[in-house]
Amino acid sequence: MPQLETTTSISEDVINFCFPVHELESDRVKLIPFIPDLHAELYFQGSAAHPELYDFTPWGPFSDVSDFVEQLIHGRIGSDNAVLYAIIDKTRTGTDPSSKPTSANFAGIIGYLNTSPLHLTTEIAFLIILPSFQRTHVTTNAIGLLLLYALDLPPRGLGLRRVQWEANKLNIKSLRAAQKLGFKLEAILRWDTILPASKASVSNGGKEREGDPRPGTVGRDTAMLAICWDDWESERARVLLAMDRRS
């Protein structure tokens, strides 16, 4: 049965987050705090040929590494309520889990967003799994590790009360991934997010109103799901079983 391991602590001088940041790992996946100088090029190399990765996101695709860093790292993870992790697949043949990530084992990104120490809440966000790692153990283990660290009580975890998940209501794969790990659908937020006109195919289909302050854009309806501390008491075992499956 997989267990959460919190290994190296990351200095606040490197990662600005409102909770302690550690490397998190199971027997098959490791989450490393994302350092642009170390990981941005790897991410861009693995994602640049796959613009479909961003079909449902309000950000991306990116024209180059600098655009990725500017849009996502500086634009959305600049405050202390968010942190991004690099996802490393420890099972890839010929990779040494203790060495620096390479294109052979760098599987994608995931992180926390809208984290509140006052209210003991956070959101799992920024999940992008590179194509060669999709439909494997990677997605479930990456999400599971963040759930374990967020919802387990101290000293093992942070003891948060609520972990949220938001996705375009048309993004069935995202919703299924969350629900498989115990997230419950709570609401559909209409007109929640502005999307560029280039993503009209995944918008809510609403027409543009005359005089709108953001002309030439479309709207997204967002599905809000969550798993809370009282759910976690029964769902934790289910998450561990899902992480332990071979695929």
Side-chain angles (χ1 to χ4, degrees), residues 2 4 23-36 38-62 65 68-69 71-73 76-77 82-93 95 97 100-113 122-150 163-168 170-183 199 202 223 225 227 239-247:
L4 169 69
E23 294 181 355
L24 309 174
E25 59 184 305
S26 64
D27 58 343
R28 292 186 289 172
V29 165
K30 186 173 186 177
L31 302 184
I32 301 174
F34 192 99
I35 309 297
L38 300 178
H39 305 129
E41 182 66 37
L42 276 175
Y43 176 77
F44 185 73
Q45 288 177 0
S47 61
H50 302 281
E52 71 279 2
L53 292 170
Y54 308 102
D55 281 351
F56 290 101
T57 65
W59 36 267
F62 307 106
V65 175
F68 163 68
V69 172
Q71 275 202 54
L72 190 64
I73 307 301
R76 296 178 180 270
I77 312 179
V83 65
L84 190 68
Y85 285 89
I87 305 171
I88 309 303
D89 185 355
K90 295 166 60 176
T91 72
R92 288 298 167 114
T93 304
T95 60
K100 292 182 178 180
T102 69
S103 58
N105 63 4
F106 186 95
I109 56 176
I110 193 171
Y112 293 126
L113 177 66
T122 192
E123 177 182 338
I124 292 179
F126 312 118
L127 176 59
I128 298 288
I129 303 298
L130 300 181
S132 61
F133 298 89
Q134 294 177 7
R135 299 179 180 85
T136 71
H137 57 276
V138 168
T139 301
T140 299
N141 274 256
I143 300 169
L145 285 170
L146 289 193
L147 284 174
L148 287 164
Y149 186 51
V163 178
Q164 193 163 289
W165 182 285
E166 292 190 2
N168 188 316
L170 302 178
N171 190 351
I172 303 303
K173 289 183 179 179
S174 177
L175 301 182
R176 286 176 178 167
Q179 290 172 322
K180 183 172 77 170
L181 294 178
F183 283 85
K199 298 192 177 185
V202 296
L225 304 91
I227 183 169
V239 169
L240 292 176
L241 283 172
M243 292 172 68
D244 199 37
R245 293 194 186 108
R246 293 298 99 185
S247 61

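Bear in mind that the values here come from a model prediction, so they are computed numbers and not experimental data.
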Please report the closest heavy-atom contact between Pro131 and Gly46, naming both atoms and the distance. CD-O, 4.2 Å
Quick check: do Gln164 and Leu113 have side-chain heavy atoms less than 4.5 Å from each other? no
Quick check for you: to the nearest 0.5 Å, what is the distance between Gln45 atom CD and Thr102 atom OG1? 10.5 Å
Minimum-distance pair of heavy atoms, taken over all atoms of Pro36 and Ile73: CG-CG2, 4.0 Å
Describe, in one word, how the ring planes of Phe126 and Trp59 are oriented to each other, choosing from parallel (under 30°), tilted (30 to 60°) and perpendicular (over 60°). tilted
Does some side-chain heavy atom of Thr91 sit less than 4.5 Å from a side-chain heavy atom of Thr136? no
With rounding to the nearest 0.5 Å, note down the distance linking OG1 in Thr140 to CG in Leu145. 11.0 Å
Any non-hydrogen side-chain atom of Leu84 less than 4.5 Å from a side-chain atom of His39? no
Pairing residues for Ala167 by the side chain to side chain contact (heavy atoms under 4.5 Å, CB included) criterion, not counting sequence neighbours: Trp165, Ser174, Leu175
Could you measure the distance from the NE2 atom of His50 to the CD atom of Gln134? Nearest 0.5 Å is fine. 8.5 Å
What one should report as the nearest heavy-atom pair of Phe183 and Val163 is CE2-O, 3.4 Å
So which heavy atom on Ala150 is nearest to which on Thr122, and how close? CB-CG2, 4.3 Å
At their closest point, which heavy atom of Leu225 faces which heavy atom of Ala178, and how far apart are they? CD2-CB, 4.4 Å
From Ser47 atom OG to Leu53 atom CG, the distance as rounded to the nearest 0.5 Å: 6.5 Å
How long is the span from the CG atom in Leu127 to the OH atom in Tyr85, to the nearest 0.5 Å? 14.5 Å
Taking Ser26's backbone N and O only, do any of them form a donor-acceptor pair with Asn141's side chain (distance below 3.5 Å, no angle check)? no
Sub-3.5 Å donor-acceptor pair from the side chain of Glu41 to the main-chain atoms of Val65, do we have one? no
Main-chain N/O of Ala86 paired with Tyr43 side-chain donor or acceptor, under 3.5 Å: no
Between Ile87 and Leu31, is the side-chain contact (heavy atoms from CB on, under 4.5 Å) condition met? List the steps. CA-CA 5 Å; Ile87 305 171; Leu31 302 184; 3.8 Å; yes
Closest heavy-atom contact between Arg92 and Ala104? CG-O, 3.3 Å
Donor-acceptor check, side chain of Lys100 to backbone of Leu38, threshold 3.5 angstrom: yes or no? no
So among Asp89, Asp27, Asp244, which one has a side-chain hydrogen bond (donor to acceptor under 3.5 Å, both in side chains) with His137? Asp89
d(Leu147 CG, Leu24 CG) to nearest 0.5 Å is 11.5 Å
Less than 4.5 Å apart, any side-chain heavy atom of Leu148 and any of Leu240? yes
